[in-house]
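Atoms considered below: every heavy atom in the structure, side chains included; atoms not considered: hydrogens, waters and symmetry mates. Letters go in sequence order (proteins before strands), and every chain restarts at 1.
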2 protein chains.
Amino acid sequence: MSVTIRDVAKRAGVSIATVSRVLNQSKPVSESLRKKIMKAVEETGYRPNAVARSLIHKRTGLVGVIIPEIYNPYFSGLVQGIESIAQQSGYSVMLAVSGKSVEQELEMLQIFQTRQMEGVILASSRWSREHRRWFTQAPMPCVIIGRPAGSLSSVCTAIIDNRKAAYEAVRYLIQLGHRRIGMIRGPKWDRASGEERYAGYRDALREADIPPRRQWVAVREEFQVIDGYQGMKQIAAAKEKPTAVFCACDRIAVGAMQYLEEQGVSVPGDLSIVGFDDEELARIVTPSLTTVRHQPFEMGVQAATMLTEQMLNQQKMGKEAVLPHQLVVRNSTAPPSE
Amino acid sequence: MSVTIRDVAKRAGVSIATVSRVLNQSKPVSESLRKKIMKAVEETGYRPNAVARSLIHKRTGLVGVIIPEIYNPYFSGLVQGIESIAQQSGYSVMLAVSGKSVEQELEMLQIFQTRQMEGVILASSRWSREHRRWFTQAPMPCVIIGRPAGSLSSVCTAIIDNRKAAYEAVRYLIQLGHRRIGMIRGPKWDRASGEERYAGYRDALREADIPPRRQWVAVREEFQVIDGYQGMKQIAAAKEKPTAVFCACDRIAVGAMQYLEEQGVSVPGDLSIVGFDDEELARIVTPSLTTVRHQPFEMGVQAATMLTEQMLNQQKMGKEAVLPHQLVVRNSTAPPSE
DNA sequence: CTGTTAGCGCATTCAT
DNA sequence: ATGAATGCGCTAACAG
C-alpha cells in the first residue's frame, strides 16, 4: 500500500490536519511539530496524492492536447511550444494522437472531459458537426490551432493566413514570369492546408487573369513525400506542361522534385517548385526550396498562452491569434526558360 | 457547477447507487428505472468524473512519458509508438519535455508520482544518482528507453546495441579500404549516442589495427545540423585529412556534408560520410546518406508493451528489449580515392 | 496553534 | 432490485 497522510500523522503523533498544514504552509504550525512531521515525511517517503487534491479543489492542473500525428515537424513544433508554456504555468499536458480519425478525436474529447482537463487544445485538420457541438458545450476553455473556429464565439484560435500566404507564393511565381502554374494540393476536408492554400493559389491566378487548368492541379490525401512524387507524376502526364508548381507543403515539394530528377527535368531550370512550411528539409534538399515560413513552435506558445489566460480567469473567450508568415526565396525557383 | 451523479439521481428520482449501477453495469437494474436514468443522463449531459473514480479504484489509467525534446524525429517516433499502444490499452499519456536538464527531469518524475501515474517511460540521455534512486523507490512499473538501466533489476529497458551498430558502420568503411577514419561524436554524458557509438568506432579501429587519432574526433554537445558543420570544420583543420567520417547521427552527417560542400570537398569522392538513425533526411539529402537504420516507433511500441504488461500484472520486472538495427548503404560512401 | 469533522464525486458494501 | 451508509486521500471550516 502506498503511504498516506494518515501514516505520516500517526508516525509524527499529530492529526492529519496538522500534517496538511505544514505541507501546504496554509496555517502556522509550531516549529517542534513541524520538525517532527518533516522527519516523518522523510522517513516514510510520503508524497501527497494529487488525485485527492484535485477532487477537493476541482483543479487538475491538466491540459489536453490532440494532434493528428506527431511525426510531422509541424505538429511536434506545436507540441513543444504548448508544453513549454504549460510547464512554466504549472500545468501538465495530456497528449492524444488521433490519426486523423474524426471518431477517435471525439472519443478523446470525451475522455478529456471525464478526466477533468482544465483546458483543451485541438490541432486537427478534420472537422464535423459533432466537433462543433462538443466545443459549444465544453465546460473548459479551448483553443483550436490551424483552422478558424467557424462561428464558435467561445473558442480561441491560433492560425496563419493560409490563403494569403499561398497567394503571395503564387504571385511571386507570376512575378518571375510564370503563367503556367500548377499545384499539388491537400485534401478537400483539410480546411487550412487543403482548401485555403488552394484558394490562395486561385486568387493569384485570377488576379493575373490566368485561367486555371484542371490538369495542373493534383489533389492528394496526405502530405508525405510520396504524395508529392505521385502528384507531380500526374501533372507531368498532361499534354502541355506547367513551368512552375506550388506545393501544399515541403514534403510534397520534395517528392515532386524527386520525381522530376528521375525524369531528368531540371529544377529550377525547366520547372520551378515552391513549398510550404519551411521545415528543416527545405534548407537541406538540393536545390534548396523556396517556401513559406511560419512558426509552429510560436503557434503552440500562443495557443497555450491564450489557454492559460482563460484558465486563470476561469472563463471562456473567443480570441483569434493570426501568426505571421513569410516567403523564403531559395534555389528551387527561377524565371521560366522560354 | 458541473453536473454530478447526484443531479442525475435527483432528476431520475432514484438513489445515486442505482445511477452508478446502470452506468457501470455492475448490478442488474430494472428496465424502467434504467430508462429513466438514461434519460436523465442525456438531459443533463452528465459525464462521470474520472478523478473521483481514480480515487476509489487507485487506478488513474495514466502513463507518464519524459523525453528531452520532441523536435527530433527519433523522439517523436518514440512518442507515437508509445501513444498508439497506450491508447489501444486504454491508457492516456502525460507528456513531459525535459529539455535535457537533470533537475527538470527529477521534478517531472516527482510530479508523475504525486499524480499517480500507473507507469513511467523515460527516454533521456542524462543520468544521475538521483535518477537511480528515484527508479529504485518508484512504486509503479518503469521503462527506460535508449540506455541500459545499469544494475536496476526492477526497470525494463528498450534499447538498440549502439556499440555494435557503430562498430559495423565503421567496419564497413574499413572494408571499403578506408584507414583514415574520423568521427563526430556526441557528448560524454550521453551514454548511448555519445559514449557507446564512440566505443563501437574504437572497436572497429582496434580490430583493424588502426591507431586512433585525436585530431579526427570532434566532440559535440548537441545533435543538430550545426554541430555537424562545426565538427567537420574542426576535423578538416587537422594537417592530415581523414578519408571518411562516421557521424553520431544523421543531422550531424548532414551538417558535415554542408561544410564539405562549401569547401568544395566532394562526397563521397574525396571523403565518405556515414550517419546514424536513418531519418527521412538521409534519403533526401544529396548525396543520399549511408547510415544505420533503427526504428524509434517500434522502440516506443516495445517500451509501452512492456509497461502495460507490468501494469496488468501489478508488479515490476526487469526485462530488456534489444531492437534490431541495420546498415543502409547509399551514396555518401565509396572507397578512398588514393 | 492544534484536533475533529465534513465533504470533493463516486463505487461499493450492507441492509432492506 | 433498490437505498442508505461508508470511505478513497486530502483540505478547509469549525471548535477548542
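- Base engagement by B:S20 is indicated by at least one non-hydrogen atom pair under 4.0 Å involving a base atom.
- A donor atom on one side chain and an acceptor atom on the other are found under 3.5 Å apart for B:S15 and B:T18.
- One finds no salt bridge joining B:E105 and B:R126 here, because no Lys/Arg side-chain nitrogen approaches an Asp/Glu carboxylate oxygen to under 4.0 Å.
- Remark: P of D:dG9 and CG of A:L55 are 12 Å apart, rounded to the nearest angstrom.
- Straight-line distance from the CG atom of B:N49 to the P atom of D:dC8: 18 Å, rounded to whole Å.
- When the P atom of D:dA1 is taken as reference, atom CZ of B:R34 falls 13 Å away, rounded to whole Å.
- Look at CD on B:E31: it is 12 Å from P on D:dA1, rounded to the nearest Å.
- Heavy-atom neighbours of A:K100 NZ from other residues, nucleotides or ligands within 6.0 Å: above the threshold of 12.
- In summary, the side chains of A:S92 and B:R115 do present a donor paired with an acceptor at a separation below 3.5 Å, with no hydrogens or angles considered.
- Contact footprint of chain B on DNA chain C: nucleotides with an atom under 4.0 Å from a non-hydrogen protein atom, first to last in 5' to 3' order, C:dG9 to C:dT13.
- Taking for each of B:S32 and A:H57 the nucleotide of DNA chain D with the nearest heavy atom, the 5'-most of the two is the partner of B:S32.
- Nearer the 5' end of DNA chain C, as judged by each residue's closest nucleotide, is the contact made by B:I56, out of B:I56 and B:R21.
- Of the N and O atoms on the side chains of B:S20 and B:N24, at least one donor lies less than 3.5 Å from an acceptor on the other residue.
- Using a 4.0 Å heavy-atom criterion, one finds that A:L33 contacts the sugar-phosphate atoms exclusively.
- Contact between the side-chain N/O atoms of A:R53 and the OP1/OP2 oxygens of D:dT11 is found at a separation under 4.0 Å.
- Within 4.0 Å (heavy atoms only), B:V51 reaches no atom of the nucleic acid at all.
- When the C1' atom of D:dT11 is taken as reference, atom CZ of A:R59 falls 15 Å away, rounded to whole Å.
- A side-chain donor from one of B:R132 and B:S151 sits under 3.5 Å from a side-chain acceptor of the other.
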